[in-house]
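Computed from a predicted model, the values in this text were never measured in an experiment. When reading the values below, keep in mind they use all heavy atoms of this one structure, side chains included, and skip hydrogens, waters and symmetry mates.
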Amino acid sequence: MQRLKGKVAVVTGAGRNIGRAEAMLLAEQGAKVVVNDLGGGPYGTESGDASLAETVAQEIRDAGGEAIGQYSSVATREGGEAAVQAAIDAFGRIDILVNNAGIVRPARIDRMTDQDWNLCMDVSLTSSFFTCRAAAAHMIAQRSGVIVNTGSPSGFGHWGMANYSAAKEGLLGFTRTIARDLGEFGIRANLIRPVSHLTGTHTPEIDETIAESARLGIPLLWNKPMAQPRMTALPAHVAALVVWLCTDAAAHVSGRDFYIQGDEVALIPEPEAIRTSIHPGGWTLDAFDEQANRDYLFGSIQNRFVRTPDPA
C-alpha cells in the first residue's frame with residue numbers, strides 16, 4: 001500500500017543522509033518529490049554541487065518514482081521560494097514540505113564569530129521560514145498540507161553550539177506557531193529531533209564539543225547523560241517517522257516535538273510550570289529571600305554547570 005499516492009513533496013537538504021532517506025521513502029510511498037540540495041558542505045561556506053540532488057532524483061526515477069532535482073540555496077528568500085515553485089511547476093501542487101537543510105559551526109560563545117552565528121541561522125532556521133512561507137500560500141488554497149521541520153537534541157543545550165542550539169530551538173517555537181497559524185486550513189506542522197550515526201554534519205569540531213562536555217562533567221545534550229545506543233541509528237529510521245507524520249494516520253498530530261534515534265522514539269512534552277507560588281501584592285526582592293519561598297522555588301535545583309574557576 002502506498003500511503004502518499006498522488007501527493008507532492010519538497011525535501012530540502014535531500015542530497016545526502018537523512019534528507020536523502022526521507023526523499024526516497026516519500027517516493028516509495030507514492031509521492032512525487034522535489035529533491036532540493038545546494039550540494040554544499042557542513043560549514044555553509046563550501047562550493048555547491050548540483051549533482052547531489054540530481055543523483056537522488058535519478059535514483060527515485062530508476063525505482064519507478066517521479067522526482068526532479070532542484071539546487072537553490074534555501075537560506076535565501078529567492079532560493080526558498082524557488083524550491084517550492086519547482087513543485088508547482090513540475091507537479092502542479094505541494095502537499096508536503098520537509099525542511100532538513102542545516103549546517104554546523106561549533107565554537108564556545110566567546111570565540112564564536114558573526115559569520116558562525118549568521119550562517120548557522122540562515123541555513124538552520126531562516127531557510128525554514130522562507131520555504132514555509134512560500135508553501136503556506138499554496139497549502140492554504142488547497143486547504144491541506146503537512147510540514148515537518150528538523151530540529152535537534154542540541155536544542156536542549158550543547159556546549160560550544162550556541163548558534164546551532166538557538167537555531168534549532170527557535171525552529172521549535174516557529175513550528176508550534178505555524179501549527180496554530182495554519183491549522184484552520186487543514187495544515188499540520190511538527191518537528192523532529194533526529195540522531196543518526198550516518199550524517200554529514202558530524203565534523204571534528206563536533207567531536208571537540210563532546211570531549212569538552214565530558215571534561216567538564218556536564219550532560220552533553222539532555223539534563224542527564226545520554227544512554228548508550230543499542231544499535232546504529234540510521235537515516236532510514238528517521239525517514240520512517242517523518243513520512244508517517246505526513247500520512248493520514250497522523251491527521252490528529254500537529255504542533256508537536258519528537259525525538260528519534262535508531263530503535264527509540266519519544267514525544268517531547270510541551271513546556272509547563274512545574275511549581276508555582278503566589279505572593280500577595282506581587283514579588284519583591286525580600287519576598288524571594290524568604291526562606292520558605294527559596295526552599296520551595298529554588299531549593300531542589302541542582303547546579304549542573306557552574307564550577308569554581310581555576311586561578312587565572
Side-chain angles (χ1 to χ4, degrees), residues 1-14 19 22-36 65-68 70 74 77 80-101 125-151 170-194 238-260 265 267-271:
M1 177 183 69
Q2 288 188 313
R3 297 168 175 85
L4 298 171
K5 189 172 180 60
K7 302 294 186 182
V8 176
V10 174
V11 184
T12 72
E22 292 164 342
M24 296 293 290
L25 188 56
L26 284 162
E28 180 183 310
Q29 290 301 310
K32 303 170 185 177
V33 182
V34 174
V35 179
N36 164 267
E66 294 186 58
I68 61 169
Q70 202 279 332
V74 292
R77 177 179 59 81
E81 292 175 353
V84 171
Q85 190 61 42
I88 306 303
D89 293 342
F91 304 122
R93 59 188 291 121
I94 177 171
D95 301 287
I96 296 164
L97 172 63
V98 180
N99 285 306
N100 186 67
L125 175 60
T126 306
S127 65
S128 295
F129 162 65
F130 290 140
T131 56
C132 285
R133 182 175 63 179
H138 299 285
M139 291 179 174
I140 288 170
Q142 296 166 186
R143 292 301 194 267
S144 66
V146 181
I147 297 167
V148 181
N149 292 322
T150 305
L171 195 55
L172 175 58
F174 175 79
T175 302
R176 287 175 173 152
T177 296
I178 65 171
R180 289 158 169 79
D181 285 354
L182 301 175
E184 67 172 302
F185 306 108
I187 301 164
R188 301 186 289 110
N190 292 290
L191 178 135
I192 63 160
R193 301 175 187 265
V238 179
L241 172 60
V242 169
V243 173
W244 188 85
L245 288 171
C246 296
T247 68
D248 290 342
H252 62 294
V253 183
S254 191
R256 302 311 298 265
D257 173 12
F258 297 90
Y259 166 84
I260 182 164
V265 65
L267 172 65
I268 306 300
E270 294 179 299

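Annotation: side chain of Met139 is not in contact with side chain of Leu182 (no heavy-atom distance under 4.5 Å). Side chains of Thr150 and Asn99 form no contact here, defined as non-hydrogen atoms less than 4.5 Å apart. In this structure the side chain of Ser127 never reaches within 4.5 angstrom of the side chain of Thr12, judged on heavy atoms.
For the side chain to side chain contact (heavy atoms under 4.5 Å, CB included) with Leu4, the qualifying choice from Ile96, Val146, Val33 is Ile96, the only one to do so.
Remark: the backbone N or O of Ala14 is not paired with any side-chain donor or acceptor of Glu22 at under 3.5 angstrom. In this structure, Thr131 contributes its side chain and Gly80 its backbone to no donor-acceptor pair below 3.5 Å. Listed for the Asn149 side chain is no donor-acceptor partner under 3.5 Å among the backbone atoms of Leu191. Formation of a donor-acceptor pair under 3.5 Å by the Arg143 side chain with backbone atoms of Ile140 is found in this model.
For the residue pair Leu26 and Ala9, the shortest heavy atom distance occurs at CD1-CB, 3.9 Å. Residues Ala90 and Ile68 come closest through the heavy atom pair CB-CD1, 3.7 Å. Asn36 approaches Ala83 most closely through the heavy-atom pair ND2-CB, 4.1 Å. A pairwise comparison of heavy atoms in Glu66 and Phe91 identifies OE1-CE2, 4.0 Å as the closest pair. Residues Ile178 and Cys132 come closest through the heavy atom pair CD1-SG, 4.0 Å. The shortest non-hydrogen separation linking Ala87 to Val8 is CB-CG1, 3.9 Å.
In this structure, CZ on Arg180 lies 11.0 Å from OG1 on Thr175, to the nearest 0.5 angstrom. Once rounded to the nearest 0.5 Å, the distance linking CZ of Arg188 with OG of Ser144 reads 10.5 Å. With rounding to the nearest 0.5 Å, the separation of CD1 in Ile268 from CD1 in Ile192 is 12.0 Å. Here CD of Gln142 is found 13.0 Å from CZ of Phe185. Values are rounded to the nearest 0.5 Å.
Pairs engaging residues 84-96 under the side chain to side chain donor-acceptor pair (under 3.5 Å) rule: Gln85-Asp89, Arg93-Asp95 [sequence neighbours left out]. Counting only residues at least two apart or on different chains, the side chain to side chain donor-acceptor pair (under 3.5 Å) pairs with a member in residues 23-32 are Arg3-Gln29.
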N/O donor-acceptor pairs under 3.5 Å from side chains in residues 239-256, not counting sequence neighbours:
unit_1	atom_1	unit_2	atom_2	d
Thr247	OG1	Trp244	O	2.7
Thr247	OG1	Ala249	N	3.4
Ser254	OG	Ala189	N	3.1

